[in-house]
Amino acid sequence: MSGARPPAATGLPLFPVTTIGSWPRPRWLLDAVKKRAPDLPALMDRASEEAVRAQLDAGVDILCDGEQRRDNFYSFLCERVDGMRLMTMADLLDYVEDKAGFEGMLSALDVPAYAMKNPTVTGPLRAKGSLVLDDCRFLRRLSPKPRKATLPGPYLLSRSTWVKGLSEAAYPTRESLADDVVALLRGELRLLADEGVEFVQFDEPVLSEVVLAGRSATRTFMCAALAAKSSPTGELELAVDLLNRVVEGIEGPVIGIHVCRGNWSRKDEVLLSGSYDPLMPWFAKMRLGLFALEWATPRAGPVEVLGLLPRSAILGFGAVNPRTETVEDPQSVALRARRVASILGPERVQLNPDCGFGTFAERPVNDADTARRKLDALVEAARILRRG
Ligand SMILES: [Zn+2]
């Protein structure tokens with residue numbers, strides 16, 4: 001397990017700026033993907049280089065590759081793991097019992113049924129090679145700056161990829177799938193640790209759905225809403241257990257999770273709302289060194305609950321909203337971050353947007369230009385904070 005380290009130990013300044021992962025894909029890349037262009041790998045490299053260049057030009061301290069090689073933050077596993085098939089929400093409608101209800105929910109919650117794709121388990125999972133190691137190596141060729149690898153979390157994966165009617169032949173229950181998911185992620189984590197990757201972030205956005213949506217009574221949607229869930233306590237116990245099994249005994253990178261309230265629509269009213277408070281006791285049980293959480297949105301509630309974060313953990317403070325056109329004022333960002341630093345200590349605070357700028361390839365929540373200006377605002381806020 002990796003706890004918080006003083007910035008000096010990682011070569012990072014105070015209030016290092018980073019992203020949550022995804023960057024809007026250029027139109028030419030999306031067209032090439034659609035046409036299955038023969039030079040797609042080279043085009044993906046070029047898009048990744050542009051995404052990294054934007055971060056470097058802004059002055060970001062910890063680099064992500066922008067997830068240009070992915071359709072979304074977890075769908076890419078289909079290309080890198082045997083036993084998974086990419087299906088759109090529209091495809092999955094055939095496997096939902098209450099089809100009309102599900103369709104109604106997708107439309108009410110502004111979910112793009114064709115643009116949102118879900119990796120679905122259809123056979124035994126087996127990694128074809130590494131999951132993101134090559135992407136991290138590509139990053140190193142562009143810059144010596146610290147890197148952050150982003151991976152879907154074990155809870156998200158074991159919940160969302162198991163679909164009744166498609167997955168039982170390989171795994172009778174989603175719990176039986178979880179062991180292989182843990183092994184898959186542990187294997188990758190070891191590779192990343194050996195490579196010297198500085199940060200690894202597991203995306204577990206569905207955790208907020210577990211505590212904020214109530215027990216399937218409220219119609220809500222996140223990528224994993226397809227799977228039935230047990231009680232919130234049962235789900236959270238499972239999530240803690242899976243994450244701890246993935247990271248156990250692996251030294252080197254600072255390992256963390258990202259939890260937001262959904263990032264599929266610009267319509268704020270369709271996204272989940274509520275404090276991190278009910279998650280805090282569960283975060284405390286996770287042997288993690290970093291929690292990247294959203295705080296730019298007022299839907300996240302007051303920052304005072306941050307006092308409950310494990311003392312050994314760094315906070316990735318979500319300080320700009322990835323879904324709005326308006327670019328935040330660096331002074332206000334710095335003011336809020338200073339308040340957070342007074343709770344946690346300045347050495348435990350990183351600055352990042354609330355979530356990715358381009359979670360779903362076909363429907364990014366922002367354009368690259370606005371995304372860049374939001375990174376500029378974060379970097380400027382970090383400068384103000386370091387001066388202060
Ligand atoms: Zn997010």
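Only a predicted model underlies this, so the values are computations on that prediction, with no experimental measurement involved. When a ligand or atom number is given, it counts from 1 through the structure's own listing order.
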Exercise for the section: Give the total of protein N/O/S atoms at a distance below 2.8 Å from the Zn ion (ligand 1). Expected result: 3
Practice task
For the pair Val259 and Val206, evaluate side-chain contact (heavy atoms from CB on, under 4.5 Å) and give the outcome as yes or no after the intermediate values.
Solution key: CA-CA 7 Å; Val259 182; Val206 194; over 6 Å; no
Exercise for the section: Taking the six-membered ring for Trp and the full ring for Phe, Tyr or His, determine whether the centres of Trp282 and Tyr276 are under 6.0 Å apart. Expected result: no
Completion exercise
Shortest non-hydrogen pair, Pro152 vs Leu77, comes out as CG-CD1, 3.8 Å
Completion exercise
Looking only at heavy atoms, the pair that brings Arg25 and Phe360 closest together is NH1-C, 4.2 Å
Practice task
Give the intermediate values and the outcome of side-chain contact (heavy atoms from CB on, under 4.5 Å) for residues Thr326 and Asn321.
Solution key: CA-CA 9 Å; Thr326 314; Asn321 187 331; over 6 Å; no
Problem - Derivation and outcome, side-chain contact (heavy atoms from CB on, under 4.5 Å), residues Thr18 and Leu351 - result: CA-CA 6 Å; Thr18 187; Leu351 302 183; over 6 Å; no
